[in-house]
Amino acid sequence: MVKQVTAKSEDFSTWYNEIIRKTELADYSPMKGMMVIRPHGYALWENIQRLLDDRIKATGHVNAYFPLFIPESFLQKEAEHVQGFSPEVAWVTIGGKEELEEKLAVRPTSEAIIGYMYAKWIKSWRDLPVLINQWANIVRWEKVTRPFLRTTEFLWQEGHTCHETAEEGEAETLKILSMYKEFCETELAIPVLSGRKSLREKFAGAQMTYAIEALMSDGKALQMGTSHNLGQHFSKAFDIKFEDRSQTLQYVWQTSWGMTTRTIGALVMVHGDDSGLRLPPRIAPVQAVLIPIALGDWKTSVLPVAREVERELKERGVRIKLDDREEYTPGWKFSEYEMRGVPLRIEIGPRDVKAGTAVVVRRDTRAKESVALASLKDRVTVLLDEIQKGLFEQALRFREDNTRDASNYQEFKSIMENERGFIRAVWCGNEACEDKIKEETQATIRVLPLEPESAETAGVCVCCGEPGGTPAFFAKAY
RNA sequence: CGGGACGUGGCGCAGCCUGGUAGCGCACAUGCUUGGGGUGCAUGGGGUCGGCGGUUCGAAUCCGCCCGUCCCGACCA
């Protein structure tokens with residue numbers, strides 16, 4: 001029997017939940033909102049970590065690790081920060097059997113504890129910039145949770161930097177933003193819009209938040225990463241001062257930025273189809289699965305050939321898996337690896353051995369071809385590249401087809417109601433309009449593009465009709 | 001946190017209305033068979049019916065409370 005999955009078009013949420021569990025990316029744990037990332041899902045995370053970590057280090061950052069707990073008083077130092085996070089902080093009040101003198105927050109983010117340490121470490125302009133990143137888990141007591149998209153505990157990377165000048169801080173913030181964008185598009189094959197957040201949507205305690213946003217295939221937007229220019233908000237709160245080049249004491253300029261396990265949810269929602277996952281080759285834990293067709297004397301005729309192919313592809317750097325289990329039929333394996341999203345399937349059977357060929361099937365297009373064993377290595381490499389590109393292009397086309405201009409509010413409401421997706425429209429900059437739009441259409445400002453040309457709509461505010469606004473991308477968001 | 005739905009072997013469900021010895025499909029185990037799109041047959045193991053309490057001679061079934069999951073809203077990566 002076929003392991004059926006609810007059709008994506010029929011019930012997106014159910015489809016998403018079923019994919020997560022049937023592909024063994026994650027499973028529910030006994031605690032509300034807490035999931036277990038299973039080996040298949042964690043392997044994806046490890047690939048994301050590795051590829052992102054390379055980029056973080058290539059831009060001069062180093063990794064460190066700060067404590068899981070943050071004293072209550074630290075968290076309270078930056079007023080907006082406390083207020084923003086207080087509804088979702090988990091507290092430790094007892095250690096062993098002793099009541100603690102001061103409650104400890106389980107970090108919802110690490111600005112506070114890191115700020116405290118930076119104040120100890122930074123004395124002079126010669127200590128700057130400080131470019132530190134940490135890979136960590138954090139806890140936010142969420143009311144509504146969904147696997148990967150919003151869980152009580154999640155994994156992420158958080159960068160925390162200090163700079164001499166406001167300009168350097170801003171430059172760092174933007175550098176990371178474009179690094180995130182490049183990472184998503186190159187490795188995850190997910191096109192993103194990047195830009196500034198409205199003040200309403202910005203990080204609690206930041207001066208300015210920038211973000212990248214992707215469009216899921218149900219027409220809702222998902223934030224894929226954020227980069228904050230913290231200005232001097234935290235350095236003033238934590239007294240992070242340095243003596244500048246003219247021997248004057250100054251507060252440092254800071255940034256923080258993060259990307260989370262949520263990106264795995266995005267991979268599912270952007271690329272998945274009714275048969276399961278479709279993983280971009282660059283982050284797929286297994287890039288090609290090799291299935292020997294067990295017929296007749298296959299163990300002596302087919303299997304040795306398959307093993308040789310496996311060896312050659314491994315040597316080529318392809319993450320290949322030979323599945324020679326006898327208890328499953330080839331047909332069963334085909335479906336299983338499709339469900340798990342393995343980009344390429346290679347079949348070798350008696351007919352192929354005789355002809356000196358292999359059958360290669362793409363997961364993204366399901367295109368099937370026969371390839372001579374001699375040229376298999378090259379062909380596989382080419383196909384993996386094409387799949388990576390194809391998935392990105394398909395996602396990009398989807399986003400373009402689902403990005404619409406709205407020149408007036410009627411149009412805006414009708415698009416949100418009928419089509420969803422991104423709406424490109426002018427916003428006057430007034431929070432009243434932002435709130436009204438959110439209340440009436442559920443759409444929020446996802447980003448205010450940095451380059452005006454990426455949103456050519458000029459004119460009056462889509463909501464109030466006042467002139468002199470800025471272009472914005474709106475969407476319903478996860 | 002508000003509105004709605006659901007909770008029965010690992011998964012999907014029936015049984016509940018009208019209380020009386022817990023069932024089906026898939027999965028799992030063993031054997032044979034089969035193998036180029038989820039092979040077929042046979043045999044077998046596995047469930048304090050989400051939890052606690054109440055009603056009753058007797059509760060998966062009726063009542064109350066709690067917990068969890070999903071969907072739709074308010075808050076967030």
Side-chain angles (χ1 to χ4, degrees), chain A residues 1-6 11-18 21-22 24 27-35 83-89 108-109 137-158 180 197 200-204 209 211-214 221-228 256-266 275-276 291-296 298-299 302 324-339 345-353 355 357-359 361 366 368 370 435 438-439 442 444 476-478:
Chain A
M1 264 326 254
V2 175
K3 202 197 264 179
Q4 274 296 343
V5 186
T6 302
D11 182 345
F12 193 84
S13 292
T14 303
W15 169 82
Y16 177 81
N17 290 323
E18 286 181 6
R21 298 191 59 186
K22 288 186 174 162
E24 300 180 354
D27 199 3
Y28 295 106
S29 80
M31 287 84 63
K32 178 181 163 60
M34 299 194 166
M35 64 170 183
Q83 215 206 330
F85 280 104
S86 68
E88 42 185 5
V89 173
T109 179
N137 59 334
I138 59 179
V139 167
R140 295 183 187 175
W141 217 257
E142 298 287 350
K143 287 161 184 166
V144 178
T145 57
R146 300 191 65 187
F148 291 111
L149 303 178
R150 183 170 300 105
T151 46
T152 301
E153 179 188 10
F154 59 93
L155 306 183
W156 76 348
Q157 125 318 280
E158 50 178 326
Y180 281 163
K197 284 285 186 184
R200 189 189 203 289
E201 301 273 331
K202 88 172 171 54
F203 173 74
T209 288
I212 51 171
E213 294 269 339
L222 184 75
Q223 182 168 300
M224 300 287 288
T226 48
S227 184
H228 315 292
S256 69
W257 27 276
M259 245 197 176
T260 77
T261 35
R262 174 183 260 190
T263 49
I264 295 174
S275 309
I291 300 173
I293 307 300
L295 273 172
W298 72 286
K299 278 190 184 168
V302 174
D324 57 2
R325 289 178 298 174
E326 290 183 71
E327 59 269 37
Y328 293 103
T329 61
W332 188 92
K333 293 176 187 174
F334 296 169
S335 303
E336 184 65 15
Y337 291 104
E338 266 168 28
M339 173 75 74
R345 175 174 86 235
I346 304 169
E347 306 168 20
I348 297 182
R351 289 205 296 272
D352 297 297
V353 171
T357 58
V359 173
V361 186
R366 294 169 196 274
K368 193 182 273 197
S370 183
D435 290 344
K438 181 171 185 185
E439 196 173 311
Q442 291 163 31
T444 50
K476 282 193 197 183
Y478 271 98

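Model, not experiment: these values are computed from the prediction. Labels below follow one simple rule: chain letters A, B, ... track the order of the sequence lines, proteins then strands, and each chain is numbered from 1.
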### Query
Measuring from A:Ile293:CD1 to A:Glu347:CD, what's the distance to the nearest 0.5 Å?
5.0 Å

### Task
Give a yes/no answer on whether the side chain of A:Arg146 brings an N or O atom under 4.0 Å of OP1 or OP2 in B:C71.
yes

Output a table of nitrogen or oxygen pairs between the protein and nucleotides 9-14 of chain B separated by less than 3.5 Å.
none

### Task
Have a look at A:Leu149 and say if it touches a base, only the backbone sugar-phosphate, or nothing, with a 4.0 Å heavy-atom cut-off.
base

### Message
Any heavy-atom pair between the side chains of A:Glu158 and A:Thr109 that's under 4.5 Å?
### Response
yes

### Task
State the CZ-OH distance between A:Arg146 and A:Tyr478, to the nearest 0.5 angstrom.
5.0 Å

## Note on the structure
Against the side chain of A:Asp352, the closest entry in B:G36, B:G37, B:G73 is B:G36

### Query
With sugar-phosphate meaning primed atoms plus P, OP1 and OP2, does A:Gly258 contact a base, only sugar-phosphate, or nothing at under 4.0 Å between heavy atoms?
nothing

### Query
Regarding A:Glu338 and A:Ser275, is there a side-chain donor-to-acceptor distance under 3.5 Å anywhere?
no

### Message
Could you identify the nucleotide paired to B:C28, looking across every strand shown and requiring Watson-Crick or G-U wobble geometry with both distances under 3.5 Å?
### Response
B:G44

### Summary
By nearest-heavy-atom nucleotide on RNA chain B, the more 5' of A:Asn17 and A:Thr226 is A:Asn17

### Task
Rounded to whole angstrom, note down the P distance from B:G38 over to B:U48.
36 Å

### Task
Measure across A:Lys333 and A:Arg325 and return the closest heavy-atom pair with its distance rounded to 0.1 Å.
NZ-O, 2.7 Å

### Task
Considering non-hydrogen atoms only, spot the tightest contact between A:Pro108 and A:Ile138 and give its length.
O-CD1, 3.3 Å

### Task
Classify the nucleic acid contact of A:Tyr28 as base, sugar-phosphate or nothing, counting any heavy atom under 4.0 Å across all strands shown.
sugar-phosphate

#### Entry: Row check, A:Phe334 ring normal vs A:Arg345 NZ/CZ: under 6.0 Å, within 45°
yes

### Task
Write down the atom of A:Met34, the atom of A:Trp141, and the distance for their closest heavy-atom approach.
CE-CZ3, 4.3 Å

### Query
Quick one: CH2 on A:Trp257 to NE2 on A:His228, what's the gap to the nearest 0.5 Å?
11.5 Å

### Pairing nucleotide - B:G23, Watson-Crick or G-U, each distance under 3.5 Å
B:C13

### Message
If I take atom OG1 from residue A:Thr145 and atom CZ from residue A:Arg150, how far apart are they, to the nearest 0.5 angstrom?
### Response
9.0 Å

### Query
When rounded to the nearest 0.5 angstrom, what is the spacing between CZ in A:Arg200 and OG1 in A:Thr444?
8.5 Å

### Message
Side chain of A:Val361, heavy atoms from C-beta onward: which of B:G37, B:A77, B:G36 has the nearest atom to it?
### Response
B:G37

### Query
Over how many whole Å does the gap from A:Arg366 atom CZ to B:G36 atom P extend?
18 Å

### Query
CZ of A:Phe203 versus P of B:C75: gap in Å, rounded?
18 Å

Give every pair of a protein N or O atom and an N or O atom of nucleotides 28-31 of chain B that lie under 3.5 Å apart, one pair per line with the distance.
unit_1	atom_1	unit_2	atom_2	d
B:C28	OP1	A:Tyr328	OH	3.1

### Task
For A:Ala358 and A:Ile348, work out which heavy atoms get closest and say how close.
CB-CG1, 3.8 Å

### Task
Please state whether the base of B:G37 and the side chain of A:Glu338 form at least one donor-acceptor pair under 3.5 Å?
yes

### Message
Taking B:C17 as the reference, what is the distance to B:U61 when you measure between their C1' atoms (whole Å, please)?
### Response
9 Å

### Rounded P spacing from B:C13 to B:G7 in Å
9 Å

### Query
If pairing requires Watson-Crick or G-U wobble contacts with both distances under 3.5 Å, which nucleotide is the partner of B:A77?
none

### Message
Counting the atoms with a prime plus P, OP1 and OP2 as sugar-phosphate, which does A:Thr151 contact under 4.0 Å by heavy atoms, base, sugar-phosphate, or nothing?
### Response
base

## Note on the structure
Atom NZ of A:Lys143 and atom P of B:G2 are separated, to the nearest Å, by 10 Å

### Message
Return the pairing partner of B:U18 with a 3.5 Å limit on both distances, Watson-Crick or G-U wobble; otherwise return none.
### Response
none

### Message
Can you check the distance between B:C41 and B:U33, where both ends of the measurement are the P atom (answer in whole Å)?
### Response
16 Å

### Query
With respect to the side chain of A:Arg200, which nucleotide from B:G37, B:C71, B:C75 is positioned closest?
B:C75

### Task
Return yes if some donor-acceptor pair links the side-chain N/O of A:Gln223 with the main-chain N/O of A:Ala211 below 3.5 Å, else return no.
no

### Query
Looking at the side chain of A:Glu142, which of B:G36, B:C75, B:G35 is the nearest nucleotide?
B:C75

### Message
Nearest to the side chain of A:Pro147, heavy atoms from C-beta on, is which of B:C70, B:G37, B:C75?
### Response
B:C70

### Query
To the nearest Å, how far apart are A:Met339 CE and B:A27 P?
14 Å

#### Entry: Nucleotide opposite B:G64 in a Watson-Crick or G-U pair, distances under 3.5 Å
B:C52

### Task
With heavy atoms under 4.0 Å as the rule, sort A:Lys197 into base, sugar-phosphate or nothing.
nothing

### Shortest side-chain distance from A:Pro330, nucleotide among B:G36, B:G37, B:A77
B:G36

### Task
Pick base, sugar-phosphate or nothing for A:Gly33, based on heavy-atom distances below 4.0 Å to the nucleic acid.
sugar-phosphate

### Summary
Given the options A:Thr260, A:Ile264, A:Thr263, A:Phe148 meets side-chain contact (heavy atoms from CB on, under 4.5 Å) only with A:Ile264

### A:Leu295, nearest nucleotide to its side chain (from B:C76, B:G36, B:A77)
B:G36

### Task
Kindly say whether, by distance alone, the side chain of A:Arg345 makes a donor-acceptor pair under 3.5 Å with the base of B:G37?
yes

### Query
Rounded to whole angstroms, how far apart are CD1 on A:Ile293 and P on B:G37?
8 Å

Check nucleotides 49-52 of chain B for protein N or O atoms closer than 3.5 Å to its own N or O atoms and list the pairs.
none

### Query
Do the ring planes of A:Phe154 and A:Trp156 sit parallel (below 30°), tilted (30 to 60°) or perpendicular (above 60°)?
perpendicular

### Query
Hey, is the side chain of A:Gln223 poking within less than 4.0 Å of OP1 or OP2 on B:C76, counting only N and O atoms?
no

### Query
RNA chain B: A:Pro350 or A:Ser29, which has the more 5' nearest nucleotide?
A:Pro350

### Rounded distance (Å) that lies between atom P of B:G36 and atom CH2 of A:Trp298
13 Å

### Message
Rounding to an integer number of Å, can you tell me how far A:Glu88 CD sits from B:C75 P?
### Response
12 Å

### Query
Which part of the nucleic acid, if any, lies within contact of A:Lys32, taking any heavy atom under 4.0 Å across all strands shown: a base, the sugar-phosphate backbone alone, or nothing?
sugar-phosphate

#### Entry: Distance-minimising heavy-atom pair for A:Gln157 and A:Tyr180
OE1-OH, 2.9 Å

### Query
If the C1' atom of B:C65 is compared with that of B:A22, how far apart are they to the nearest Å?
26 Å

### Summary
Between CD of A:Gln83 and C1' of B:C76 the distance, given in whole Å, is 14 Å

### Query
How would you label the contact of A:Arg351 with the nucleic acid (heavy atoms, under 4.0 Å): base, sugar-phosphate, or nothing?
base

### Task
Find the partner of B:G2: check Watson-Crick (N1-N3 plus N6-O4 or O6-N4) and G-U wobble (N1-O2, O6-N3) distances, both under 3.5 Å, and reply none if neither fits.
B:C72

### Query
Is A:Glu347 touching bases, backbone alone, or none of the nucleic acid, heavy atoms closer than 4.0 Å?
base

